[in-house]
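Data first, discussion second: the structure below is written as structure tokens.
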Amino acid sequence: MTATSATPDAPAAREALAAWYAVNGRHDLPWRQIRDPYAVLVSEVMLQQTQVERVLPYYRAWLERWPTFDALAAAAPADVITAWRGLGYNRRALALRAAARAVVERHGGSFPWEPQELLALPGVGPYTAAALRAFVRDEPVAVLDTNIARVVTRFVLGAPSHREVPAAPLHAAAAALVPPAGARDHNLALMDLGALVCTARNPDCGGCPLAPACAWRAAGCPPPEASARRPAVRFEATARFARGRLVDRLRSGPADEAELAAILPESHRPRLAEYLAALEAEGLVAQIGAGAWALPA
DNA sequence: AATGCGGGGTC
DNA sequence: GACCCAGCATT
């Protein structure tokens, strides 16, 4: 034990965490019942910035319709975009399909576990790459999603929110907690603790197995800094709102620009061509004729 | 380092 | 209304 150790007693913390997790963990989540990299990738991409409860029905339906990388690689973009309806961030649907095509075509159907190859898959960033390696193969890596980042920030660094601390110390602190064996359950336990107990608002410190050694609690649970945010814009006034409306309209079939303009609030109509051009460049819509648009076949 | 990207839920 | 959510890609 060195004086500079970020975590004074990682084994003790892990033991308390594991006992809590055995009783309180979300062990029944469907993507925790399977080790198939395809199924886990589907879950992780769907879960990017999207709550667990909302993902559940989409995950089941997606795996039933496209059960393998091969099946998804052969799917039409229009079909995956339509199946994504309601999940948000539609580009994720295309990324998932593109990742499937990469696995099938670039890697011959064998999943690329090398970090470089993993991170090269569309839609796979640092979080998802670590999640795949820990959850599918139990590799001893630190998974750093918003839940685990918050738990580690509070427990080790003593700050209320990971949005207020630099990434490098946070990642180092998370890595220092990872056990040499059993990283899958360790990361899942931290994730569940963040989702169920050490929540962003109103954390239940009374029910937290890490509370006795928590640096944030020792500091008196200081509240987060009031963030100096730029003036809020109504969601209905954003391009994201208009883009979402446009893609959703095309899910039910082709439309011409007059009809597309009609479904937008007046304030957005002057920018219709701009929205369509951007969506087309991203592969989310396709022009099928003079002023006629559809989802890409 | 900042910004865009959806949509729904909560307080 | 502000904040949050199993982030990623781009600039």
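Naming: A, B, ... by sequence-line order, numbering from 1 per chain.
Taking the ring centroids of His27(A) and Tyr21(A), they lie under the 6.0 Å cut-off.
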Contact letters for nucleotides 5-11 of chain B, in which S counts primed atoms plus P, OP1 and OP2 and B counts the base, heavy atoms under 4.0 Å = BBBBBB-
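The CG atom of Leu29(A) sits 10 Å away from the C1' atom of dA6(C) (whole-angstrom rounding). With rounding to whole Å, Leu196(A) atom CG is found 12 Å from dA6(C) atom C1'. We find that CZ of Arg163(A) is positioned 14 Å from P of dA2(B), with the value rounded to whole Å. With rounding to whole Å, Leu41(A) atom CG is found 18 Å from dA6(C) atom P. Here the C1' atom of nucleotide dC4(C) and the CG atom of Leu47(A) are 15 Å apart, to the nearest Å.
Val124(A) comes within contact range of the sugar-phosphate backbone alone, with a heavy-atom separation under 4.0 Å but no base atom that close. Base engagement by Arg26(A) is indicated by at least one non-hydrogen atom pair under 4.0 Å involving a base atom. Contact annotation for Trp31(A): base contact, defined as any heavy-atom pair under 4.0 Å involving a base atom.
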request  = Kindly determine whether Arg245(A) and Asp248(A) satisfy salt bridge (charged side-chain N to carboxylate O under 4.0 Å, His left out), including the steps that lead there.
outcome  = CA-CA 5 Å; Arg245(A) 292 284 294 266; Asp248(A) 198 42; over 6 Å; no
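For Pro126(A), the side-chain atoms get nearest to dC8(C) when compared with the rest of dA6(C), dC8(C), dG1(C).
For the OP1/OP2 pair of dA6(C) and a distance below 4.0 Å, the side-chain nitrogens and oxygens of Thr146(A) include no atom meeting the criterion.
The environment of CD in Glu53(A) is sparse: at most 12 heavy-atom neighbours from other residues, nucleotides or ligands sit within 6.0 Å. Dense packing is recorded around CD of Glu105(A), with more than 12 heavy atoms of other residues, nucleotides or ligands lying under 6.0 Å away. Within a 6.0 Å sphere centred on CD of Glu15(A), heavy atoms belonging to other residues, nucleotides or ligands number 12 at most.
Nearest heavy-atom pair, Arg14(A) versus Ala176(A), reported as atom, atom and distance to 0.1 Å: NH1-O, 4.4 Å. Heavy atoms only, all atoms of each residue included: Arg26(A) and Asp192(A) are closest at N-OD2, 2.7 Å.
The residue among Pro122(A) and Glu44(A) whose nearest nucleotide of DNA chain C lies closer to the 5′ end is Glu44(A).
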